Amino acid sequence: MKNLICLLCVFSLTTIHAFNSINKQVDKEIKSAFEIENYVTELKIIDSELKSELSSDFWNNNFYEIKNEQELVGYAYIGEGFGKTDNFEYLLLFDVNLIIVKSKVLKYREDYGGEIGSKRWLKQFIGKSSKDKLLYGENIAAISGATLSVKSMTNSVNKVLESIAILQNKNIL
Amino acid sequence: MKKIILLALFLVANYSMSQTVSQDTTSTKNQQQNAAQNILNGTSSKGITIGGYAEIDYNQPEGDNGKLDVHRLVVLMGYKFNDKVQFVTEIEYEHVKEVYIEQAFLNYSLNDNLNIRGGLMLVPMGIVNEYHEPTTFNGVERPNVDKSIVPTTWREIGLGISGKIDNANLRYQAYVFNGFASVNGSNVLGGSNGLRNGRQKGAESTINTPNLSAKIDFYGIQGLRLGFSGYFGRSQAADEVDAIEGSDVGISMFGLDGRYVKNRFSARGQYIHTIINDAKNYNALYETNLGSELKGWYIEAAYNLLPTSNEQKLDAFVRYEQYDTHAATTDADISRNLSYNRNEWTTGLSYHIAQGAVVKADYQIFDNALSNSEAKGQFNLGLGVWF
């Protein structure tokens, strides 16, 4: 019983700040994916009229250009999906040709469905671009026990790719 | 300068995130919304989640009268106090008139990979005990291995940890739980359902020895999920008898399960093996017939008859089950009842008319190892929802 109380004390003293960890994760992923140490990110401002043509996943000022010494090296998108009872955030990194080079779940709040954080599963998005249509169960594998989260992320990434296609057609990207 | 821009990026990102968090905590995060959720969205009840599941069944055994039953109706309620602390409860109505609490636990998320939780929780053993919502399994009724060998819905009060390791593609759970009662009211362990009578379900439950439960799930192979479960401890004897030899039994349960999905094909299987120690003295004391080993397995394959691009799904499936609550009886000093060595075929359709709503129909053939046993058939039709 004493041990149990000690254990509880240790747990209750531990605090980890979620958002700090998101910042660090994004920074780490950009540096590692593009093999750069120094970079700046600039919000890609999308004309409000054009926004209505794009998926709502694109409305939150969450698409950025990544530049290294004035030169464009890629793009970052921070998206959101839903599990069973809570939302989660994920990161997509694109190269200059808007092909996905990295996908990562940044913050997953539920216990169930957290399987989508699997490195192996997230690899499936790499190489996909606006030319691709993601199909749950076909080119994006299902995960038993995480169906809602898997479908949510697949749908969300699909909408991002569709929106990118629109922006490419209009020569905005 | 670069750092300032970077900081700005994250402020913007965080701002948009915190905005969405506050919006999202007003409802469940499922695509669909029910009336209650719509109401909640319009109020200031931040942090509340409402959901539930239900099974309405029609069972028609050959040659007997049928049964119509609101088998289970469960209301899920959750409250998120902040990003780390969440309370989850499920209130269950079984057969309309029996009320239970199926889950009621407080979860503290230490970080993305580690949660500590306590309260009334599901014991992680096999597939269906944890994933028992009607849209997650084929067949109107749960597999019978998940009734007689794993006594679903198996839940007790306990404390433990759960989490995931992304790099290793693992989910882990480890708990200290209260165990089965040696005698539950007037019911004892044994017979065709093994340990099922001993479930205390967190209702004024007796504890004298805590039990351990753990499960590891591995999902590092595309489309495949494997689970390894273990449960170890003793049954709980009441004060008046706990010094008497035979007043409790030792229980060790091992489970192996797998689920696979590839395009329109899916399959799952499960093997559960329970070893009971001291069953001999227990059987003598309570004049019952608890086996010294309980064993069961099933395997199931399904194929979606609709294209995967459709929102609807129509799974045709077939399942074979074999389970025996008298898998070994010599050490328990009882005679083996071959009618407890059962097998069954189940085949049918699960028509998912929307994500979260399913209409099921199947036919089952029950048989056992008695030489003069006659196989019995049963038709089932059911509605299931989960939101």
Side-chain angles (χ1 to χ4, degrees), chain A residues 4 7-8 11-12 14-16 18-19 21-23 26-27 38-43 60-62 64 76 78 80-89 104-112 114-115 117-122 124 135-138 141-148 151-152 155, chain B residues 1-2 5-6 8-10 12-14 16-21 24-25 28-31 49 51 78 80 83-84 86 88 107-112 115-117 127 130-131 136 159 162-164 166-167 169 171 217 219-223 225 259-264 266 268 304 308-309 355:
Chain A
L4 194 67
L7 191 70
L8 284 173
F11 279 132
S12 59
T14 314
T15 51
I16 290 158
F19 286 143
S21 84
I22 287 184
N23 296 354
V26 173
D27 180 50
N38 299 308
Y39 65 92
V40 292
T41 51
E42 288 174 14
L43 176 66
N60 273 343
N61 290 338
N62 47 1
Y64 304 90
I78 295 172
E80 189 184 52
F82 303 109
K84 174 68 184 155
T85 62
D86 216 333
N87 60 328
F88 62 88
E89 280 84 34
K104 185 168 178 74
V105 173
L106 297 170
K107 179 71 188 162
Y108 196 89
R109 296 175 180 81
E110 288 174 82
D111 185 16
Y112 284 81
E115 291 85 349
S118 155
K119 256 191 175 175
R120 172 79 202 242
W121 185 79
L122 289 164
Q124 298 175 102
L135 291 171
Y136 165 81
E138 286 189 11
I143 306 177
S144 301
T147 307
L148 294 175
K151 282 186 174 172
S152 172
N155 288 340
Chain B
M1 185 60 194
K2 281 172 191 169
I5 294 171
L6 187 64
L9 156 68
F10 294 130
V12 169
N14 283 347
S16 71
M17 278 172 210
S18 54
Q19 263 193 329
T20 49
V21 168
D24 288 331
T25 48
T28 72
K29 310 311 167 302
N30 220 333
Q31 281 85 345
T49 296
K80 192 161 123 179
D83 238 14
K84 292 190 174 299
Q86 198 172 10
V88 176
N107 188 79
Y108 184 85
S109 172
L110 284 154
N111 58 48
D112 285 355
N115 301 281
I116 180 166
R117 51 168 62 168
I127 300 171
E130 270 189 282
Y131 300 91
T136 65
L159 176 75
S162 74
K164 62 191 167 67
D166 285 343
N167 287 345
N169 308 300
R171 175 166 183 254
D217 282 278
Y219 41 87
I221 297 165
Q222 214 73 279
R225 182 189 182 107
R259 284 173 271 180
Y260 182 72
V261 188
K262 173 82 179 171
N263 300 335
R264 292 153 79 169
S266 60
R268 54 170 61 188
N304 178 12
T308 45
S309 52
Q355 183 168 304

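So you know, we letter chains A, B, ... as the sequences are listed, proteins then strands, and number each from 1. Predicted model, so just to flag it, every value in this text is computed and none were measured.
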[X] versus [Y]: any side-chain heavy-atom pair under 4.5 Å?
X: B:N263; Y: A:E138; value: yes
X: A:E115; Y: B:R225; value: yes
X: B:Q86; Y: A:E110; value: no
X: B:Y219; Y: A:R120; value: no
X: B:Q355; Y: A:L148; value: yes

Exercise. Got a sec, which residues hit salt bridge (Lys or Arg N to Asp or Glu O under 4.0 Å) with B:R268, two or more places apart in sequence or on another chain?
Worked result: none
How many angstroms lie between [atom1] in [X] and [atom2] in [Y], if you round to the nearest 0.5 Å?
X: B:D112; Y: A:L106; atom1: CG; atom2: CG; value: 9.0 Å
X: A:Y112; Y: B:K164; atom1: OH; atom2: NZ; value: 15.0 Å
X: A:K107; Y: B:D83; atom1: NZ; atom2: CG; value: 6.0 Å
X: A:Y108; Y: B:S109; atom1: OH; atom2: OG; value: 12.0 Å

Exercise. Looking at A:A76, A:G137, A:A141, A:S144, which has the largest count of heavy-atom pairs under 4.5 Å with chain B?
Worked result: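 Among the listed options, the one with the most contacts to chain B is A:S144.
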Problem set entry | chain A contact via B:T308 - which portion, at a heavy-atom distance below 4.5 Å | both
Exercise. Which region of B:N115, side chain (C-beta onward) or backbone (N, CA, C, O), has a non-hydrogen atom less than 4.5 Å from a non-hydrogen atom of chain A, or is it both or neither?
Worked result: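 For B:N115, side-chain heavy atoms alone lie under 4.5 Å from chain A.
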Problem set entry | Largest heavy-atom contact set with chain A, pairs under 4.5 Å, which of B:R264, B:R259, B:Q222, B:K262 |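 Greatest number of close heavy-atom pairs with chain A: B:Q222.
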For this session: Please step through side chain to side chain contact (heavy atoms under 4.5 Å, CB included) for the pair A:K119 and B:N167, ending with a clear verdict.
Result: CA-CA 6 Å; A:K119 256 191 175 175; B:N167 287 345; 3.3 Å; yes
